[in-house]
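First up is the structure itself, then whatever we jot down about it.
The sequence lines fix the lettering, A, B, ..., with proteins before strands; numbering per chain opens at 1. Hydrogens, waters and symmetry mates are skipped; everything else that's a heavy atom, side chains included, is used.
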Protein chains: 2
Amino acid sequence: MANSQFSMAVHILTVLACGKDENVKSEYVARSVNTNPVVIRRVLGQLGQAGIVTSQTGAFGGTRLARAPEDISLCEIYKAVSCGEIFGLPRSPNRDCPIGANIEAVLCNLQKDIERTVGDKLRQYTLATILENVNLAKA
Amino acid sequence: MANSQFSMAVHILTVLACGKDENVKSEYVARSVNTNPVVIRRVLGQLGQAGIVTSQTGAFGGTRLARAPEDISLCEIYKAVSCGEIFGLPRSPNRDCPIGANIEAVLCNLQKDIERTVGDKLRQYTLATILENVNLAKA
DNA sequence: CATATCTGTAACAAGTATAGTTACAATCGT
DNA sequence: ACGATTGTAACTATACTTGTTACAGATATG
């Protein structure tokens with residue numbers, strides 16, 4: 001299954017942003033994402049550890065944004081739920097072969113370069129950008 | 001399993017590049033990558049369809065680069081074996097919810113933007129770049 | 001033309017990741 | 001004390017990647 005946790009995280013945070021400073025229940029978010037509340041809470045757990053949201057247990061509990069949408073970059077969200085690399089490195093190249101012995105390091109550097117590039121791009125967007133676009137599309 | 005087809009493709013092509021204009025057998029490549037020849041031939045099939053390599057069946061057959069390493073960009077290789085997106089889109093957002101109805105298009109645009117960015121970055125490298133780096137590391 | 005050598009590809013097994021689901025302990029307002 | 005909600009473990013279903021075996025088709029060589 002293709003990993004859609006980043007998409008889900010953005011969707012979830014957009015719902016929370018619309019909830020302003022009210023606690024939003026995972027069950028409510030689940031209806032917009034069209035999935036099970038536990039799936040929402042799992043992602044919310046990662047976003048909480050990253051300091052992007054804060055949750056309250058108990059009656060009238062729920063989750064809200066820890067900061068204003070303008071201060072939450074998509075890069076931060078991506079890293080919070082980050083699940084795997086853009087491309088995987090070679091598994092077990094033959095180190096007796098001159099190429100096999102060196103290709104891993106070369107690809108690893110390339111991988112870091114790509115991920116830095118993606119990070120820079122994602123940093124250009126914030127949750128506020130997403131909110132604007134969603135509202136634009138609505139109009 | 002994390003997808004390492006791009007890494008494998010680059011590794012394979014590096015081996016082919018070292019074979020100059022000789023046909024290289026999948027069994028030989030498999031020893032450098034440390035896997036089964038069929039796995040190599042599978043990737044080689046995709047690279048062949050993309051016009052990056054040419055193969056010959058039969059005795060003394062094998063595969064060679066279709067072009068000079070300087071003329072093969074990593075972007076081309078990435079697209080040839082392209083296996084999935086940087087991040088998956090939402091599966092089935094609730095279209096009765098204003099957010100659910102619009103988030104998919106917004107994320108899809110974002111996804112295209114990211115993939116364009118990655119493509120631009122990969123276009124800065126060619127197979128020749130990789131060859132240089134592998135040889136540098138060897139020295 | 002017969003043979004040995006390769007590729008191309010189908011079919012299947014094994015390992016692993018994601019998502020969905022159920023269940024329940026812990027927490028907290030009333 | 002009670003009801004509402006999160007946090008989290010455990011399990012299932014699905015699907016993707018890799019590795020492996022098997023074999024048909026193509027081709028150079030003697």
5' to 3', nucleotides 15-24 of chain C under a 4.0 Å protein heavy-atom cut-off (B base, S sugar-phosphate only, - none) gives B-SBSBBBB-

note: B:Q56, atom CD; C:dG8, atom C1'; distance rounded to Å ~ 15 Å

- prompt: Which part of the nucleic acid does B:G88 contact within heavy-atom distance under 4.0 Å: base, sugar-phosphate only, or nothing?
  reply: nothing

More than 12 heavy atoms of other residues, nucleotides or ligands under 6.0 Å from NZ of A:K121: yes or no?
yes

- request: Classify the nucleic acid contact of A:T63 as base, sugar-phosphate or nothing, counting any heavy atom under 4.0 Å across all strands shown.
  value: nothing

Test: A:E76 and A:R67 ion pair at under 4.0 Å: yes

Is the backbone N or O of A:V29 less than 3.5 Å from a side-chain atom of A:S32, with the two atoms forming a donor-acceptor pair by type? no

side-chain hydrogen bond (donor to acceptor under 3.5 Å, both in side chains) filter on B:E27, not counting sequence neighbours, yields B:R31

Identify every side-chain donor-acceptor pair in residues 37-53 of chain B under 3.5 Å, counting partners at least two apart or on other chains, and give the distances.
unit_1: B:R41; atom_1: NH1; unit_2: B:S26; atom_2: OG; d: 3.0

Using modelled atom types only, decide if a donor and an acceptor are shared between the side chain of A:S4 and the backbone of A:S7 within a distance under 3.5 Å.
-> no

Report each atom pair, protein N/O against N/O of nucleotides 1-5 of chain C, whose distance is under 3.5 angstrom.
unit_1: C:dT5; atom_1: O2; unit_2: B:A59; atom_2: N; d: 2.8

* Got a donor-acceptor contact below 3.5 angstrom from the B:R64 side chain to the B:E22 backbone? -> no

Outermost contacting nts on DNA chain D, any atom under 4.0 Å from chain A heavy atoms, listed 5' then 3', are D:dG3 to D:dT18

Check your understanding: Taking A:N34 for the side chain and B:S92 for the main chain, is one N or O donor matched with an acceptor at less than 3.5 Å?
Key -> yes

- Query: At under 4.0 Å between heavy atoms, what does B:V24 touch on the DNA or RNA strands: base, sugar-phosphate, or nothing?
  - Reply: sugar-phosphate

Check your understanding: Do A:T129 side-chain atoms and A:Y125 backbone N/O form a donor-acceptor pair below 3.5 Å?
Key -> no

When rounded to whole Å, the CG to P distance for the pair B:L47 and C:dG8 reads 11 Å

| Judged by atom type as modelled, is there a donor-acceptor pair below 3.5 Å linking the side chain of A:R123 to the main-chain atoms of A:C75? | no

| said: Side-chain N or O of B:S55 versus OP1/OP2 of C:dC6: is the shortest distance under 4.0 Å? | reply: no

Residue pairs meeting ring pair (Phe, Tyr, Trp, His ring centres under 6.0 Å), one or both in residues 73-110 of chain A, sequence neighbours left out, come to A:F6-A:Y78, A:F87-B:F6

